[in-house]
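Take a look at the structure below.
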Amino acid sequence: MNSKNNKKTKRKWPFLYDFVKVTGGIPTLILMRTKTFYPQGKPNLKGGVLISANHTGFLDPPLILTVFWKRRVYSLATKNLYEKKFWRWFFNAMQCIETDKDNFSMKSFHKTVNYLKDDKMVLIFPEGGVNYSEHAVSPFKSGAVLMAYKSGKPILPVYIPKVKKWYSRRYAVVGQPIDVKTLCGCTPSMEKINQITDLIRQEEIKLEGYFNQQMIKKGKKNDEK
Amino acid sequence: MTRNDILEQLKQVFTIAVGDDIDVSKVNEDASLTDDLGLNSVGILYVVVAIEEQFGIEFDELGFSDFTTVKSVIDYIEQKLN
């Protein structure tokens, strides 16, 4: 059943995804003027990768698209976004993975794992929603690590700085892929999974620190980013 | 595989999931996953992933609220194995 599905997703050309990416992506690139930092060098990203980013707002998925422009990035999207007919159609066309935060289903989990096994890039916000607090990176839920463990694919930590205005220049700080399967070992305990989740969060906090240093060097205050 | 065999294997999974905080050996079919075993949504996801590996089955389109007690998990595994 799974291999049948995998073959199907590999063969199908996501025409609408590519159409929206090209027609909507160019204005987005101009609007966001995204600048990406690679503190430890640009990672070599081939095959399936689970991008783990902090969530600052609804423009984060298109921002990530501009960062990884050469690849298709598929997002996990909360069930609430699917309530209106148009958006349901749109998110399905964009091949997003519908998730219910209150009653997470195994369908979403397996779909994400299959995407990763199909060598796709998947975006997840492990904070579980937009972070409106003053803290840049809230505690993470461990689901992302379980998805990476099950698929055998790495997690790529990405830090997205908050911006005051929607039209402000956007930044992203990209870390190095973390091989979760190697860290987990054969039968990881829940404690181990939580430790790795915290490790990924710490990586994103380090990326935040790097970004703040860069801004200080450039003489920009935090809220003027 | 009998229900008892499934329960014994599940206890191994629960032991890894909850650690030393709860005495899993006393867990029976009526035990609640959240109240008695203290599992949150991620904990249940962990248990499901572990069960899939242990029993070689795949959980389908079920949501986590479909599993409230150990009995509901055993019922599902039994149905899948048969």
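Below, all heavy atoms of this structure are taken into account, side chains as well, without hydrogens, waters or symmetry copies. Convention: sequence-line order gives letters A, B, ...; per-chain numbering from 1.
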Scan side-chain atoms only and decide if A:Glu204 and A:Ser52 contain a donor-acceptor pair under the 3.5 Å cut-off.
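Checked: A:Glu204/A:Ser52 side chains pair up, N/O donor to acceptor below 3.5 Å.
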Chain B contact residues among residues 148-157 of chain A, heavy-atom distance under 4.5 Å
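Heavy-atom contacts from residues 148-157 of chain A to chain B are A:Tyr149, A:Lys150.
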Any salt bridge between [X] and [Y], counting N to O under 4.0 Å?
X	Y	value
B:Glu78	B:Arg3	yes
A:Lys21	A:Asp18	no
A:Glu98	A:Lys107	no
B:Glu8	B:Lys11	yes
B:Asp75	B:Lys80	no

Sole candidate of A:Leu76, A:Leu50, A:Ile97 that passes side chain to side chain contact (heavy atoms under 4.5 Å, CB included) when paired with A:Tyr115:
A:Ile97
Should A:Asp119 and A:Lys46 be marked as a salt bridge (Lys or Arg N to Asp or Glu O under 4.0 Å) after you check the CA-CA gap, both sets of side-chain angles, and the distance that decides it?
CA-CA 8 Å; A:Asp119 291 337; A:Lys46 282 180 182 167; over 6 Å; no
Does anything in residues 31-47 of chain B get under 4.5 Å of chain A by heavy atoms, and if so which residues?
B:Val42, B:Gly43, B:Leu45, B:Tyr46
Kindly state whether the ring of B:Phe59 and the ring of B:Phe67 have centres lying under 6.0 angstrom apart.
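They qualify: ring centres under 6.0 Å apart.
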